[in-house]
Structures are given as structure tokens and as C-alpha cells.
Amino acid sequence: MTDQPTSGAERTLGGNEEALAKLRTLRGSIDNLDAALVHLLAERFKCTQEVGELKAAHDLPPADPAREADQIDRLRRLAADARLDPAFAEKFLNFIIDEVVRHHRAIAARQDGTTEE
Ligand SMILES: C=C(O[C@@H]1C=C(C(=O)O)C=C[C@H]1O)C(=O)O
């Protein structure tokens, strides 16, 4: 007996129990990986928050383009080794870094007694 289908793809597979079981197993792993990604990102943002406070306390600029370039090179190499598209890895890292720098600007502005955004 198979559980009731819960999504469009599951309904389309209908009575194909083998394919349905495989889809559900894969989606279970995707759920676990997405949870791990959220936890990893939360830990990364905890670290970058502290970096932002350190920078504000020592009057350092919110962004460090040289460090960003090193990180992007490194992530592109890691992605290629892992057979992940390096262009995607770069886009993903830039998306995260933009958010980090936005936080760092806000921390610096708070420290200066100004408001940003
Ligand atoms: C976290 C930092 O601040 C910024 C964010 C970075 C990142 O998220 O990897 C890298 C460089 C900086 O522009 C840092 O300087 O280390």
C-alpha cells in the first residue's frame, strides 16, 4: 500500500509504485540537504555578523573585495572538483556576500549613530 500522493509529480506517477518510491526517497534526501544548508548558512551568518562588529569597532570598510575575489576563486575550484557548475557557485556566493555586506553597512551605520535603509 502506498501513501496518498502529496504533489503534482506524485499524482502523475499514479500507480507506478517503483517510480513513486524512488521519487519519495530522493525528496527525503533533498529535505535533509535543504535543512543542512539552512543550518550551515545560519552558522556562516553568525560568523559574518561578528566580523561586521569587529570591522565597525576598528573602522574597517564593510566590504573586502580582495577577500571576496579569493573566496570566489576558491569556491569555483571546489565546485569544478565537485562537478558543480562554477558559474552557479560564484553567483550563489555573490548573493550571500551581498547580503553580508549589507549587514556590515547596517552595523557600521548603527555604530555611527546614523540609520541606513
Ligand atoms: C565576512 C567578511 O566581509 C565581507 C563578506 C565576505 C563573505 O561573506 O565571505 C567576504 C568579504 C567581505 O566583503 C570578511 O571581510 O571576511
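For ligands, and for the atoms within them, numbers begin at 1 and follow the listed sequence. Keep in mind that the numbers below use all heavy atoms, side chains included, and drop hydrogens, waters and symmetry copies.
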Exercise. List for me each residue that meets side chain to side chain contact (heavy atoms under 4.5 Å, CB included) alongside Arg77, sequence neighbours excluded, and say none if there are none.
Key: Asp73, Arg74
Exercise. Only counting residues at least two apart or in another chain, list the ones meeting side chain to side chain contact (heavy atoms under 4.5 Å, CB included) with Ala21.
Key: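 In terms of side chain to side chain contact (heavy atoms under 4.5 Å, CB included), with neighbours along the sequence ignored, Ala21 is linked to no residue.
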Practice problem: Of all the heavy-atom pairs spanning Arg24 and Thr6, show the shortest one and how long it is. | Solution: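 Closest pair (atom of Arg24, atom of Thr6, distance): NH2-N, 4.4 Å.
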Self-check item: Distance-minimising heavy-atom pair for Pro61 and Lys55
Solution: O-CD, 3.4 Å
Quiz item: Under a 4.5 Å side-chain heavy-atom rule over Ile, Leu, Val, Met, Phe, Trp and Tyr, are Val101 and Leu54 clustered together?
Solution: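 No, separate clusters.
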Tabulate distances under 3.5 Å between N/O atoms of ligand 1 and N/O atoms of the protein, writing both atom names on each line.
residue	atom	partner	partner atom	Å
ligand 1	3 (O)	Lys55	NZ	2.8
ligand 1	8 (O)	Arg44	NH1	2.9
ligand 1	8 (O)	Arg44	NH2	3.4
ligand 1	9 (O)	Arg44	NH2	2.8
ligand 1	13 (O)	Asp64	N	2.8
ligand 1	13 (O)	Glu68	OE2	2.4
ligand 1	15 (O)	Lys55	NZ	2.7

Self-check item: Any residue meeting salt bridge (charged side-chain N to carboxylate O under 4.0 Å, His left out) with Glu99, in chain and number order, not counting sequence neighbours
Solution: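 Partners of Glu99 under the salt bridge (charged side-chain N to carboxylate O under 4.0 Å, His left out) test: Arg102.
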